[in-house]
Amino acid sequence: MTSKEKIQRLAAWSIAVAFGVMGLKYLAYHLTGSVALYSDALESVVNVIAAAAAFWAIRVSHKPADQDHPYGHHKAEYFSAVLEGVLIVLAALLILREVWFAWQEPRALEQPWLGLAINGAAAAVNAGWAQLLIRNGRRHRYPALLADGQHIMTDVITSVGVIIGLVGAVLTGWTILDPALAVIVALNILWQGWHVIGSSLQGLMDVAVDHEETLRIRDVISANSKGAIEVHDLKTRIAGRAVFIEFHLVVEAEMSVGDSHVICDRIEEALKAEIPSVRVTIHVEPDDEAKLPKGTTAVPFA
Ligand code: ZN
Ligand code: ZN
């Protein structure tokens, strides 16, 4: 199975898992009548929508480049991630609303232990699934999958907070504990949602690769540009899992086009070996375009 098929399968299963978890959480709410568990179940509806959005985005981002989108469709994933961030924030606000009602009229729960056990089981399924999504999203550079996993992780935190609150409420009889803990959980979700939106907006704004990766790219270029004089104006940008790299390569003015192309191909191959999803554009220039004084042996960066 290729990584592409694996990712699409993960995204499809994500929808099924979200449905299952939603069912369990509603059952837990139904058994207890707890407002906090109701909020938790409500949040899992968002998850189903988000998983479907991520599935769509990953399919679109896999479409090959076409005439209308010659650079590919990678950024579709950021739309899904932004949508997901917005939904997370919305869920937090809905939970705060429920908290407000529970605060006004606190009440004791029916069948609390069974309900909590079912909610706990749903949280455990979510935790395992979220870790799988986060790991694969990071490894294969899929923002939509990563955002989905991070979102599900916030669900797990929600559930744990709710369970702790309800256990405390049942044991002490302090019904107010339940909405109090739910507030903290909602604020945490709010913060996570903001983070998901922020990192996806960075991608839409053509954010560069991080500092460490920039240094790695410079090393690869330096090691493979024998025959050239200088490299300058290195620029990178990330679009989904694709990394775009461009720079100027200064060579002797008398060098043939064929010879300079050999250097370009060598650098391109080396960069592809380091970053499989890379797209490289190299602008070749004669030596009077050099920014550094002549006579350095290793190819320096200006
Ligand atoms: Zn230049
Ligand atoms: Zn070429």
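Worth knowing before you read on, the calculation uses all heavy atoms, side chains too, and leaves out hydrogens, waters and symmetry mates. Start at 1 and go down the list; that is how both ligands and their atoms are numbered. We number each residue from 1, following the sequence as shown.
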Trainee: Are Glu230 and Lys291 ion-paired here, with the side-chain N under 4.0 Å from a carboxylate O?
Mentor: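 No.
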Trainee: Give a yes or no answer on whether the side chain of Ser61 reaches the backbone of Ile58 with a donor-acceptor pair at less than 3.5 Å.
Mentor: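 Yes, the answer is positive, given that a donor and an acceptor are paired below the 3.5 Å cut-off.
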Trainee: Is the NZ or CZ atom of Arg9 both under 6.0 Å from the centre of the six-membered ring of Phe55 and within 45° of that ring's axis?
Mentor: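 The answer is no, since Arg9 fails at least one limit relative to Phe55.
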Trainee: Work out how many protein N, O or S atoms lie closer to the Zn ion (ligand 1) than 2.8 Å.
Mentor: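 With waters ignored, the protein N/O/S count below 2.8 Å is 4.
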Trainee: Looking only at the side chains, is there a donor atom on one of Asn126 and Ser159 sitting less than 3.5 Å from an acceptor on the other?
Mentor: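 There is no such pair (donor and acceptor under 3.5 Å, judged by atom type) between the side chains of Asn126 and Ser159.
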Trainee: Checking His232 against His248: is there a side-chain donor and acceptor pair closer than 3.5 Å?
Mentor: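 Side chains of His248 and His232: pair found under 3.5 Å.
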Trainee: Less than 4.0 Å between a side-chain N and a carboxylate O, is that true for Lys75 and Asp206?
Mentor: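 Salt bridge between Asp206 and Lys75, a charged N being under 4.0 Å from a carboxylate O: yes.
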